[in-house]
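Below is one structure, written out as structure tokens; comments come after it.
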Amino acid sequence: MVLALLAGLVLTISVSQLFDAGIPGISGWGSEVRDSVLTPGLFFVLAGAAFGGGFDVAADSAGSYGFGFTAQGTVALVAWGAVLALALLAWWVTRRGELSQVHALPWRQAMLRAVLDAVPGSVLMVLLFGFSQTSFGEAKSVVITFSSRGWTMFFTVLLAIALPVFLGRLRKPQTAVFARVRVAAGEALSVCGWYGGVLSALAVIGSVVAVATGALPGSVPLAMLPYLGNVAFGLLSWGTGAGLHYSLGGPLVNLASSFSSQDSKLGRDNLYFAWDLSGAFFWVLVVITFLTLLVVAVRIGTRRPRAAKVDWRRTWQMPVAIFLIALIGTVATGASVSGTAGISIMGGNQGGAVSTGIGPAWYAPAFILILAALISCGAEVLPLFLFQLAPRLLSVVAGRNAVERWLQGHPAPEGPSGARPPHLPAAAPAPMTAPSEMTVPAAPAHPAPSVSVGSVGESGSSRPIAEIPVMSPRTRKRIRIGVFIVLGVGVLVGIAAGAVAFLNSTRNPDAVVRSYAELLQNGKAAEASKMVDPGITFDKRALLTDKAMEKAVRIQVVSVEVKDKRDKDATVTLTYSLDGQRSTKDFTVVKGDPEFGFLDTWQLREPFLTTASIATVGLDAVTVGEQSATVPEGSGFGGIGTVDTPDHVLSLPIYPGIYTVSAASTKFIAVQSERLTVQGDGSQGEGAAGVTLKKSFTPAVESAVLEQVKAFAQACVTVPTNTSDGCPYPLQDKKLHSMKMLSAPSSVKIDDDGTFSSDAAKFEYTHDPFFEGDKPEPETSDFAFKGTFIITDDGVKATNITYTYG
């Protein structure tokens with residue numbers, strides 16, 4: 001019960017820290033969920049989950065607009081760290097506590113007593129934690145309920161207590177078969193203990209370092225404690241080269257996968273290896289696995305009876321036991337979720353079974369079997385080799401007492417009481433000499449007890465304890481030099497492997513995307529184009545220059561993360577901000593040929609480009625940033641942001657940023673600059689980033705046109721130009737006695753389309769007398785003028801001037 005309370009406390013604190021740190025995807029209502037989740041009910045559910053193999057979950061969403069969601073299922077995850085701690089506690093109490101006073105019993109009685117002793121604890125655990133549940137999320141019309149699995153908890157606790165109590169009380173049969181089984185089981189448990197302890201420590205240290213560097217939330221080390229057994233077995237699978245198998249399937253998932261992309265993992269099985277996480281992590285794991293193999297092999301070898309030669313007959317029992325344990329671990333240490341889910345749309349339901357899980361690959365026991373076989377075979381040769389080479393080191397690794405017993409030919413004593421196996425005769429322990437002088441006498445003065453050189457419990461003839469051949473100083477020196485050379489080479493290889501792993505860690509697919517994005521952030525467009533070929537002709541690269549980006553508002557890199565990593569490529573997500581607005585962009589990075597044969601290379605072949613359109617009215621050249629570009633004459637379509645029809649359109653690829661687009665102003669033409677925003681995330685639509693530049697005419701145009709209109713009006717009252725086209729019709733009469741302009745036009749109106757119109761001018765004209773002696777009266781009329789004008793290098797020219805009635 002105390003262990004369950006501790007597990008519940010640890011997991012509850014972890015969940016609290018997770019909410020405090022913020023959970024991705026629920027930041028908008030995380031505080032509300034936190035208040036409804038962190039209740040006493042959650043504490044009891046999590047405490048029960050540690051010993052109940054998981055928990056049941058149900059979700060119900062009423063939804064809105066006719067949409068709803070329901071799901072129910074079981075999260076199966078045995079907390080092997082907590083269960084093994086309970087089993088070890090039960091065994092310790094049996095062997096050391098009051099229960100140790102009970103005499104050894106036959107197996108039927110021992111089993112019955114163990115079950116009877118375990119039932120009260122199991123029932124108490126179920127009563128306290130087996131019926132707990134908690135719900136949250138009501139305010140969001142989503143109700144999620146977690147509940148303990150009472151029956152699973154009962155049998156888990158019953159087995160965790162009854163099995164070690166049964167083994168602690170069982171009367172050991174005095175048979176050779178049982179002796180072999182007991183020794184094999186003991187060696188297998190020793191291997192499991194060493195690897196479990198070492199890899200659990202590695203997991204805790206690694207998680208703490210990851211938390212310190214910000215790679216993991218601070219709740220991970222605490223949440224991992226009840227599940228250290230699961231984590232250690234997963235690391236052992238990775239350390240032997242096996243993978244972790246992830247699956248996601250079911251009818252509903254298969255339906256969803258039919259609408260997903262080809263790269264989606266929906267409805268597919270996937271394997272993840274240690275090197276997928278990090279090359280450096282993989283090599284550290286391999287080195288720790290190998291070093292632990294050597295230590296365990298030496299310790300097991302010194303606890304076997306020393307034989308005259310290698311006895312291969314006692315090397316297969318322990319690997320078989322390890323293989324059986326690995327089979328159980330492969331099945332029981334993974335996590336799985338199974339259940340049903342449904343979606344309701346306007347009264348119709350669509351759903352089905354859903355299952356997902358992650359755990360060691362099915363072939364992991366075979367890899368662990370190979371590891372155990374190496375340990376068992378190494379146990380036959382490594383102790384002798386290490387004793388001959390460095391006796392002091394053997395004592396440090398295996399333990400002084402174990403080495404003394406091994407030198408005398410005895411196996412390790414059974415249990416804490418120090419009782420000898422019945423088939424071995426007693427022998428007075430000889431005082432151990434200095435490790436550097438450890439030898440076994442060749443022929444004692446009195447006959448020494450003899451032991452079998454076969455496997456433990458094997459019947460047969462007994463022979464005197466075999467002498468340990470003395471290694472000559474010269475041979476020992478050569479071996480030591482060889483070992484030092486091998487170790488030196490190993491250290492160099494390790495350093496080289498570490499350096500390669502470090503270099504490869506900097507060559508992750510996200511590194512190449514970050515380098516590319518930082519070039520754009522620093523305005524180095526030319527280098528970015530060299531790094532990733534834009535894939536367009538050179539005449540289309542007019543805006544892909546440093547000059548164009550020199551004064552632009554450029555993107556700022558926020559984060560670069562690997563979204564999905566595959567064998568030959570990876571999807572990397574770039575998060576960036578432009579003028580304070582955050583956006584994301586997914587890149588596909590392809591693995592290239594290894595550099596120098598072992599350094600990973602990643603190639604980004606997808607340029608970060610968007611097509612921008614710059615439309616102009618009457619302009620044939622523009623400037624983007626500090627880069628000038630010629631605008632080809634367009635078709636009269638494609639204007640952006642204006643009702644005017646542009647006569648020139650420039651469409652070119654450009655890197656994301658906010659650019660200033662302008663054109664040169666003259667004495668007669670003024671152009672107002674525009675901001676061209678290229679977001680680059682597709683939110684603007686394909687090719688939708690663009691602006692329109694419109695020209696405006698300066699007052700100098702008005703003055704120049706007005707002067708020319710005045711001159712034209714004066715010409716219309718001057719013979720013979722009064723008959724020119726465009727002059728007022730009355731003034732073109734050839735029978736005029738006189739004509740003059742009383743007042744000239746005083747202003748003109750200039751339009752953007754290149755036309756103009758003036759105010760009225762007043763003319764006076766007198767016709768010739770129709771009869772001799774007539775004196776016609778002068779007539780006055782008001783006429784205005786209109787026309788077009790063009791701007792040339794020489795100035796402004798008014799054309800097509802004609803009169804209109806004022």
Side-chain angles (χ1 to χ4, degrees), residues 520-526 528 534 536 539-556 576-583 585 607-702 750-755 791:
L520 299 180
Q521 176 178 286
N522 297 326
K524 299 179 179 179
I536 55 178
D539 61 327
K540 296 291 185 180
R541 304 186 185 190
L543 302 182
L544 306 182
T545 63
D546 295 352
K547 286 186 176 181
M549 300 189 72
E550 183 176 348
K551 295 185 178 180
V553 178
R554 299 185 289 269
I555 64 171
Q556 299 296 316
Y576 63 95
S577 66
L578 181 61
D579 197 23
Q581 179 180 348
R582 285 200 176 190
S583 304
K585 169 72 174 178
F608 196 3
L609 295 176
T610 299
T611 300
S613 296
I614 301 174
T616 68
V617 179
L619 299 174
D620 55 7
V622 297
T623 300
V624 180
E626 298 294 326
Q627 179 67 49
S628 61
T630 301
V631 184
E633 185 174 354
S635 60
F637 299 96
I640 298 174
T642 177
V643 296
D644 298 331
T645 301
D647 54 5
H648 295 74
V649 178
L650 173 66
S651 295
L652 288 176
I654 193 171
Y655 290 119
I658 299 178
Y659 299 85
T660 299
V661 182
S662 60
S665 296
T666 65
K667 176 182 178 182
F668 301 107
I669 296 178
V671 181
Q672 183 178 0
S673 60
E674 299 286 345
R675 279 168 58 97
L676 173 62
T677 300
V678 184
Q679 195 67 33
D681 59 354
S683 60
Q684 298 169 301
E686 182 65 26
V691 293
T692 294
L693 287 183
K694 294 189 296 182
K695 65 184 180 182
S696 61
F697 300 107
T698 65
V701 175
E702 181 180 334
I750 302 298
D751 295 325
D752 291 339
D753 59 357
T755 63
I791 299 175

Check: Under 3.5 Å, is there a donor-acceptor pair between the side chain of Ser577 and the main chain of Gly580?
Finding: no
Next item on the list: Check Ala525 against Asp546 and note the closest heavy-atom contact, atom names and distance.
Entry: N-OD1, 2.8 Å
Check: Quick check: are there more than 12 heavy atoms from other residues, nucleotides or ligands sitting under 6.0 Å from CD of Gln672?
Finding: no
Checklist line | Heavy-atom check, side chain of Ile658 versus side chain of Leu676, under 4.5 Å | finding: no
Item checked: Derivation of the side chain to side chain contact (heavy atoms under 4.5 Å, CB included) call for Val622 and Leu650 -> CA-CA 9 Å; Val622 297; Leu650 173 66; 4.0 Å; yes
Check: Can we say Arg675 and Asp579 salt-bridge, meaning some charged N sits less than 4.0 Å from an Asp/Glu carboxylate O?
Finding: yes
Note to self: Could you measure the distance from the CD1 atom of Ile750 to the OG1 atom of Thr755? Nearest 0.5 Å is fine.
What the structure shows: 8.0 Å
Please list every donor-acceptor pair under 3.5 Å in which a side-chain atom of residues 624-631 meets a protein atom from a residue at least two apart or in another chain.
{"from": "Glu626", "atom 1": "OE2", "to": "Lys551", "atom 2": "NZ", "distance (Å)": "3.1"}
{"from": "Gln627", "atom 1": "OE1", "to": "Thr545", "atom 2": "OG1", "distance (Å)": "3.0"}

Check: Under 3.5 Å, side chain of Arg541 to main-chain N/O of Ile536, donor-acceptor pair present?
Finding: yes
Checklist line | Shortest non-hydrogen contact between Gln679 and Ser583, atoms and distance | finding: NE2-OG, 2.9 Å
Check: Heavy-atom distance under 4.5 Å between the side chains of Phe608 and Lys585, does that happen here?
Finding: yes
Check: So which heavy atom on Pro656 is nearest to which on Met549, and how close?
Finding: O-CE, 4.2 Å
Next item on the list: Take Phe697 and Ile791, measure what side chain to side chain contact (heavy atoms under 4.5 Å, CB included) needs, and give me the verdict at the end.
Entry: CA-CA 10 Å; Phe697 300 107; Ile791 299 175; 3.6 Å; yes
Note to self: Measuring from atom CG of Leu520 to atom CD1 of Ile555, what distance do you get when rounded to the nearest 0.5 angstrom?
What the structure shows: 5.0 Å
Check: Quick one: does Pro534's side chain get under 4.5 Å of Leu609's, heavy atoms only?
Finding: yes
Check: How far apart are the closest heavy atoms of Ala528 and Tyr655, and which atoms are they?
Finding: C-OH, 4.0 Å
Next item on the list: Return the minimal non-hydrogen interatomic distance between Ile654 and Leu544, and the atom names on each side.
Entry: CA-CD2, 3.7 Å
Next item on the list: Give the minimum heavy-atom separation between Glu674 and Leu693, together with the two atoms involved.
Entry: CG-CD2, 3.5 Å
Next item on the list: Assess the side chains of Ser613 and Ser651: does a donor N or O sit below 3.5 Å from an acceptor N or O?
Entry: yes
